[in-house]
Amino acid sequence: MPNKPTIAETFSGTGQMRQAAVDVETTPKPPAMVPPSRQGKKMISGHFDKDVHRQLKMLALEKETSIQELLSQALNALFERNDKPPIA
C-alpha cells in the first residue's frame with residue numbers, strides 16, 4: 001500500500017492528491033448533446049410577470065399552437081414594423 005502524502009507534499013505538487021487534481025482538470029469534457037432541432041439556434045429569453053406567462057400559455061392553448069410559435073409570430077411582427085425581414 002503506498003504511503004499517504006504529507007501535507008507539505010500535497011501542497012508542493014509532489015503528492016498523489018495534487019496529481020489526481022491535475023488529472024481531473026486536464027480530462028476533456030464530452031461534448032454536450034444538442035438535439036437536431038436546436039442545432040445552429042440560440043436561446044432568447046426574458047423575465048416577465050407570472051401573469052404574462054399564464055396569458056401566453058392560455059393563448060397558445062386557445063390557438064392550438066405552442067408558446068414558441070406565438071413568440072416567433074410576435075418577433076416577425078416586430079421585425080416587419082421596423083422594416084426588417086421576418087426571419088423568426
Side-chain angles (χ1 to χ4, degrees):
M1 184 162 129
N3 291 337
K4 192 173 180 182
T6 66
I7 292 175
E9 290 173 329
T10 302
F11 285 107
S12 69
T14 59
Q16 295 170 350
M17 292 176 75
R18 181 73 172 164
Q19 184 60 43
V22 171
D23 290 344
V24 170
E25 290 172 6
T26 58
T27 304
K29 294 180 182 178
M33 294 298 295
V34 179
S37 62
R38 291 188 180 173
Q39 289 179 356
K41 299 197 175 153
K42 299 293 277 182
M43 169 71 81
I44 300 172
S45 63
H47 294 272
F48 299 93
D49 243 14
K50 64 181 179 181
D51 292 335
V52 173
H53 179 257
R54 184 179 298 118
Q55 186 165 298
L56 189 57
K57 206 170 174 181
M58 292 296 293
L59 185 59
L61 286 169
E62 290 168 9
K63 299 267 187 194
E64 295 182 353
T65 190
S66 66
I67 290 176
Q68 182 155 341
E69 177 58 31
L70 291 177
L71 291 174
S72 180
Q73 291 174 17
L75 286 170
N76 280 333
L78 175 67
F79 293 152
E80 288 176 337
R81 271 198 319 266
N82 289 278
D83 302 318
K84 303 288 182 198
I87 58 172

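Below, each value reflects all heavy atoms present in this structure, side chains not excepted, and no hydrogens, waters or symmetry copies.
- Rounding to the nearest 0.5 Å gives a distance of 10.0 Å between CG of Leu71 and OG1 of Thr65.
- With values rounded to the nearest 0.5 angstrom, Gln55 atom CD is found 9.0 Å from Glu62 atom CD.
- Scanning both residues, Lys57 and Ile67, for their nearest heavy atoms gives CA-CD1, 4.1 Å.
- Counting only heavy atoms from C-beta outward, the side chains of Gln73 and Leu70 approach each other to under 4.5 Å.
- The OG atom of Ser66 sits 11.0 Å away from the CG atom of Leu61 when rounded to the nearest 0.5 Å.
- No more than 12 heavy-atom neighbours from other residues, nucleotides or ligands sit within 6.0 angstrom of CD on Gln68.
- Glu80 CD: more than 12 foreign heavy atoms inside a 6.0 Å radius.
- Listed here is the closest heavy atom pair of Asn82 and Leu78: ND2-O, 2.8 Å.
- Minimum heavy-atom separation, Phe79 to Ala88: CE1-CB, 4.2 Å.
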